[in-house]
There are 2 protein chains.
Amino acid sequence: MAQTKNFRFEELLDKHHLKKTGARLRVLSMMYSKNTATSQPDLESVMSDIDRVTLYRILNVFEEKGIIHKVFDLNGTANYAVCHSDCGENHHHDEHLHFNCTNCKNVYCLDDLHMPRLTLPDGFKAESFTLYASGLCPKCSKKSNVMAN
Amino acid sequence: MAQTKNFRFEELLDKHHLKKTGARLRVLSMMYSKNTATSQPDLESVMSDIDRVTLYRILNVFEEKGIIHKVFDLNGTANYAVCHSDCGENHHHDEHLHFNCTNCKNVYCLDDLHMPRLTLPDGFKAESFTLYASGLCPKCSKKSNVMAN
DNA sequence: ACATAAATGCAACATTATTACATTTAGATT
DNA sequence: AATCTAAATGTAATAATGTTGCATTTATGT
Ligand SMILES: [Mn+2]
Ligand SMILES: [Mn+2]
Ligand SMILES: [Zn+2]
Ligand SMILES: [Zn+2]
């Protein structure tokens with residue numbers, strides 16, 4: 001059962017010539033199970049049995065391989081999210097909106113909201129764009145509506 | 001002469017009911033003298049005689065008062081830039097493009113490039129937007145052109 | 001089953017940031 | 001000009017985040 005559940009992640013690791021280790025599979029299954037990014041502190045506390053350094057190394061390879069991407073939230077905290085664009089070895093295309101909820105602190109990757117390519121002042125050569133927004137996520141805006149009644 | 005040069009900054013501190021101290025004036029004059037943001041590490045090394053804690057406190061009040069705003073660069077390093085929008089006590093409106101040069105690491109506030117207000121998925125209530133771009137700044141793109149010849 | 005590169009664990013260290021408390025100072029009051 | 005006091009600074013201690021070097025273990029190909 002746990003075997004079956006991890007099958008796709010094992011394939012994913014294979015594809016990237018990474019060894020299938022317990023730590024890596026757990027990180028993948030945690031990140032793929034959520035629709036928001038996961039903060040480094042969260043990862044660290046959930047995976048507290050995995051050594052901190054190992055965790056950093058796992059996150060770094062995953063990022064290099066184009067499996068996940070790193071997003072800093074409004075507090076400068078590192079968050080990691082699964083790539084849904086076709087990212088590859090040192091080539092990311094995660095140019096979507098990152099929504100940071102000021103209440104629950106969750107970071108949402110809104111893949112559908114792509115960047116409007118705009119014209120920069122003379123001399124600036126842009127290679128990539130990222131869009132940030134902050135405010136209330138659906139869950140928290142619903143809650144605050146209820147509170148107000 | 002140094003007196004004259006600091007006059008506007010003394011006025012600024014006055015306006016915000018902040019005492020005119022040497023440290024604060026130096027931070028202001030450094031940040032206003034540049035057209036890019038200043039990173040925390042840079043500030044710390046330039047102002048190495050000012051205690052680190054004091055520096056953090058200065059940056060924090062300035063941010064609260066709406067004198068400067070904080071921007072995290074691609075490496076998650078805190079950068080601080082003068083506000084050119086009409087920001088005030090706990091009310092920032094710095095919704096412009098932040099350009100992070102991958103070569104010189106400088107962060108430019110491109111105030112003229114405002115956010116295209118876009119429609120978010122159901123439930124998301126955005127309060128503010130920020131736009132990030134990375135690539136080469138004018139100085140660095142010029143240099144890399146020269147190199148290529 | 002064996003060999004080996006890859007992955008992990010561990011210790012030490014660096015940087016960034018915050019808190020509590022003691023001391024100093026800017027600016028107001030007399 | 002001397003005095004007062006809230007505000008600002010300094011100092012020490014601690015926490016959180018991230019990196020490096022090296023020893024040990026393990027996944028995987030043979
Ligand atoms: Mn994303
Ligand atoms: Mn800015
Ligand atoms: Zn929320
Ligand atoms: Zn540059």
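Residue numbers start from 1 in every chain, and the chains themselves are labelled A, B, ... in the order their sequence lines are given, proteins ahead of strands.
Contact check on A/D42 versus A/K105 returns no salt bridge, with no Lys/Arg side-chain nitrogen under 4.0 Å from an Asp/Glu carboxylate oxygen.
Although no hydrogens or angles enter the test, the distance criterion places a donor-acceptor pair under 3.5 Å between the side chain of A/T102 and the main chain of A/G135. In this structure, A/K125 contributes its side chain and B/S141 its backbone to no donor-acceptor pair below 3.5 Å. Without hydrogens or angle criteria, A/N75 side chain to A/T77 main chain gives no donor-acceptor distance under 3.5 Å.
Of all nucleotides listed (C/dA7, D/dG18, C/dT25), D/dG18 comes nearest to the side chain of A/A78. Between C/dT16, D/dA12, D/dA7, one nucleotide has an atom nearer to the side chain of B/V53 than all others, and that is D/dA12. Taking every side-chain heavy atom of A/Q40 into account, D/dG18 is the closest of D/dG18, C/dA26, C/dT18.
Heavy-atom distances to DNA chain D give each of A/G22 and A/P41 a nearest nucleotide, and the one nearer the 5′ end belongs to A/P41. The nearest heavy atom of DNA chain C to B/Y56 and to A/D51 marks one nucleotide each, and the one closer to the 5' end goes with A/D51.
A/L55 places its CG atom 14 Å from the C1' atom of C/dA7, with the value rounded to the nearest Å. Between the CD1 atom of A/I58 and the C1' atom of C/dA7 there is a distance of 9 Å, given to the nearest Å. Rounded to whole Å, the distance from CG on A/D73 to P on D/dA16 is 16 Å. Taking atom CD1 of residue B/I50 and atom C1' of nucleotide C/dT24, one finds them 16 Å apart after rounding to whole Å. Per the geometry, CZ belonging to B/F72 stands 7 Å off P belonging to C/dA17, to the nearest Å. Residue B/L13 contributes atom CG, which lies 13 Å from atom C1' of C/dG27 at whole-angstrom precision. For the pair B/N75 CG and C/dT15 C1', the computed distance is 14 Å after rounding to whole Å. Rounded to whole angstrom, the span from the CZ atom of A/F9 across to the C1' atom of D/dA27 amounts to 20 Å.
The base of D/dG18 lies outside donor-acceptor range of the side chain of A/R57, with no N or O pair under 3.5 Å. Contact of B/R52 with C/dA17 (side chain to base): a donor-acceptor pair of N or O atoms is detected under 3.5 Å.
The environment of A/K139 atom NZ is sparse: at most 12 non-hydrogen atoms of other residues, nucleotides or ligands sit within 6.0 angstrom.
Within the nucleic acid shown, A/E44 has no heavy atom closer than 4.0 Å to any nucleic acid atom.
Taking 4.0 angstrom as the limit, B/T21 places a side-chain polar atom (N or O) nearer than this to OP1 or OP2 of D/dT9.
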